[in-house]
Amino acid sequence: MKTLLLKKEEVSRLISMKDVISAVEEAYKAFNSDQVEQPDYIGMHLPSPGSEIDFKLGYYKGNELISMKTSSGGFVDNPTAFGLPSGMGTILLFDARSGALICVMDGSLITGLRTGAAGAVSVKVLARKDARRITSIGTGNQARMQIRAIREVMDIEEIQAWDNSADTLSRYKTGIESEFGIPVVMAPSKKDAVEQADILITTTRGKGSLVEADWVRPGTHIVAIGTDQRGKQELEPEIFRNAKVVVDSIVQCSEKGETWHPLDRQIITRDGIHGEIGEILLGTKAGRERDDEVTIFDSTGMAIQDNTTASKIYGNAIEKGVGTFFEFFES
């Protein structure tokens, strides 16, 4: 048996954003259909200031594959000191029937793609049908990925954008307008940006409340992406008090996500979490029920998303003859 190696450029040619959105929907449904085994993920802070690495492991009965992903970020000195990206990812795929390693693939694109797709899936079931204006707090790579995904499920008329880095904000405006032709307004303040939002996306590595409750209009859908470890925060917990709170995983989000903060402050209880997004996709829980609801999707990211996305990429690689096989096991 041989193992397939897929590099970053090869991965990029093997899947489209529409396919990733489909894979993420499959992942969420599987998670809420007893088709998934997914241990708690491990996150470690590392010596380089602000750096971290996560390990996510998942088994999906539907494709009989086990995936393990490592994802690192915050290594700001990597480009100059080591000639490496500041964040990297690797996915290993194992055949659950034999335990054999069948594929090693670059995971840096997959993390970005499936996280963007998660936001798009939440927009499909939780945003108002007449939503047209997006506000992005944070304008880095994941902020761009959210737009790439969300434009697949709705028409975006305008983006209000804010970032604490003027250079990053300017590059975001130039990139989005060039790639998609969507006008980007560089907001003078976070407050001004949030007050314009039909859909609010937060994708920072925040350590405190970036968005205040008084700024959020009735009917806003919030896609909370940046908080995936204890200690991170983007939203004032008071926003959760009267909102419909939907998560990818109640266990993860109540311990490591944005939802931990209002739980810790006793603004909401665990019973106050409306449900997991897979339940809405399966029809066992309601999505948006009123145009004036504030809805929050708290996404910490799950191994099953990596699993279903990587599985599609692996299948496409085999079908198209992409990648390099190497001998890893000896009988």
Side-chain angles (χ1 to χ4, degrees), residues 6 8 10-32 35-36 38 41 43 53-60 62-63 65-73 85 87-93 103-126 138 140-153 201-203 223-229 246-249 252-253 256-257 276-278 280-281 297-317:
L6 293 172
K8 185 174 182 177
E10 293 167 330
V11 169
S12 71
R13 292 190 280 118
L14 287 167
I15 198 161
S16 69
M17 180 57 83
K18 284 186 178 180
D19 289 336
V20 180
I21 292 171
S22 174
V24 168
E25 287 189 3
E26 179 185 356
Y28 287 147
K29 290 177 182 178
F31 183 70
N32 288 104
Q35 292 292 305
V36 175
Q38 182 175 276
Y41 73 83
I53 189 165
D54 296 337
F55 298 86
K56 289 186 168 83
L57 176 68
Y59 164 51
Y60 178 24
N63 59 22
L65 290 178
I66 299 164
S67 63
M68 185 177 76
K69 186 187 76 175
T70 66
S71 180
S72 65
M88 293 171 281
T90 305
I91 292 180
L92 308 180
L93 286 181
C103 187
V104 179
M105 72 175 69
D106 180 273
S108 56
L109 288 176
I110 293 172
T111 300
L113 287 166
R114 61 85 158 150
T115 305
V121 173
S122 81
V123 165
K124 286 177 68 174
V125 297
L126 291 170
N141 290 333
Q142 182 50 225
R144 297 182 189 210
M145 198 65 76
Q146 288 292 319
I147 299 302
R148 290 191 182 107
I150 291 172
R151 66 181 292 272
E152 296 283 353
V153 301
I201 303 167
T202 58
T203 60
V223 184
I225 295 295
T227 300
D228 59 357
Q229 284 192 355
V246 177
V247 298
D248 51 10
S249 161
Q252 284 188 185
C253 290
K256 300 178 180 180
E276 294 171 330
I277 194 165
I280 296 176
L281 291 167
F297 176 55
D298 184 10
S299 173
T300 48
M302 299 196 296
I304 185 59
Q305 294 169 259
D306 301 317
N307 184 302
T308 53
T309 305
S311 172
K312 286 183 182 293
I313 291 168
Y314 175 72
N316 288 342

Out of curiosity, [X] [atom1] to [Y] [atom2], how far, rounded to the nearest 0.5 Å?
X    : Y    : atom1 : atom2 : answer
M145 : R148 : CE    : CZ    : 5.0 Å
S67  : Y59  : OG    : OH    : 12.0 Å
I313 : E10  : CD1   : CD    : 11.5 Å
I21  : I150 : CD1   : CD1   : 9.0 Å
I277 : M302 : CD1   : CE    : 9.0 Å
T115 : Q146 : OG1   : CD    : 7.5 Å

**OP:** With sequence neighbours excluded, tell me which residues meet side chain to side chain contact (heavy atoms under 4.5 Å, CB included) with R151.
**Re:**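 I156, F180.
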For [Y], is there any backbone N or O sitting under 3.5 Å from a side-chain donor or acceptor partner on [X]?
X    : Y    : answer
D248 : S299 : no
Q252 : G301 : yes
S72  : M88  : yes
S22  : K18  : no

Subject >> Side-chain H-bond candidate by donor/acceptor type, Q142 with T203, under 3.5 Å >> reply: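 There is no such pair between these side chains.
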Original post:
Can you check side chain to side chain contact (heavy atoms under 4.5 Å, CB included) on I280 and L126, steps first, answer last?
Top reply: CA-CA 9 Å; I280 296 176; L126 291 170; 4.1 Å; yes
How close do [X] and [Y] get, heavy atom to heavy atom, and via which atoms?
X    : Y    : result
T309 : A23  : OG1-CB, 3.8 Å
A143 : G138 : CB-O, 3.2 Å
C103 : L6   : SG-CD1, 3.9 Å
K312 : I15  : CB-CD1, 4.0 Å
F31  : Q38  : CE1-NE2, 3.8 Å
G278 : N32  : CA-OD1, 3.1 Å

Original post:
Picking from N307, T111, T90, what satisfies side-chain hydrogen bond (donor to acceptor under 3.5 Å, both in side chains) with K69?
Top reply: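 Answer to the side-chain hydrogen bond (donor to acceptor under 3.5 Å, both in side chains) test with K69 among N307, T111, T90: T111.
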Original post:
Got more than 12 heavy atoms from elsewhere within 6.0 Å of CG, D19?
Top reply: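 Counting neighbours around CG of D19, more than 12 heavy atoms of other residues, nucleotides or ligands fall under 6.0 Å, so yes.
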Original post:
Going through the checks in order, is the side chain to side chain contact (heavy atoms under 4.5 Å, CB included) test met by Y60 and L65?
Top reply: CA-CA 6 Å; Y60 178 24; L65 290 178; 6.0 Å; no
Subject >> Pairing residues for K56 by the side-chain hydrogen bond (donor to acceptor under 3.5 Å, both in side chains) criterion, not counting sequence neighbours >> reply: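 By the side-chain hydrogen bond (donor to acceptor under 3.5 Å, both in side chains) rule, K56 matches no residue at all.
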**OP:** In sequence, state the C-alpha distance, the side-chain angles, and the governing distance for K256 and D228, and then conclude on side chain to side chain contact (heavy atoms under 4.5 Å, CB included).
**Re:** CA-CA 6 Å; K256 300 178 180 180; D228 59 357; over 6 Å; no
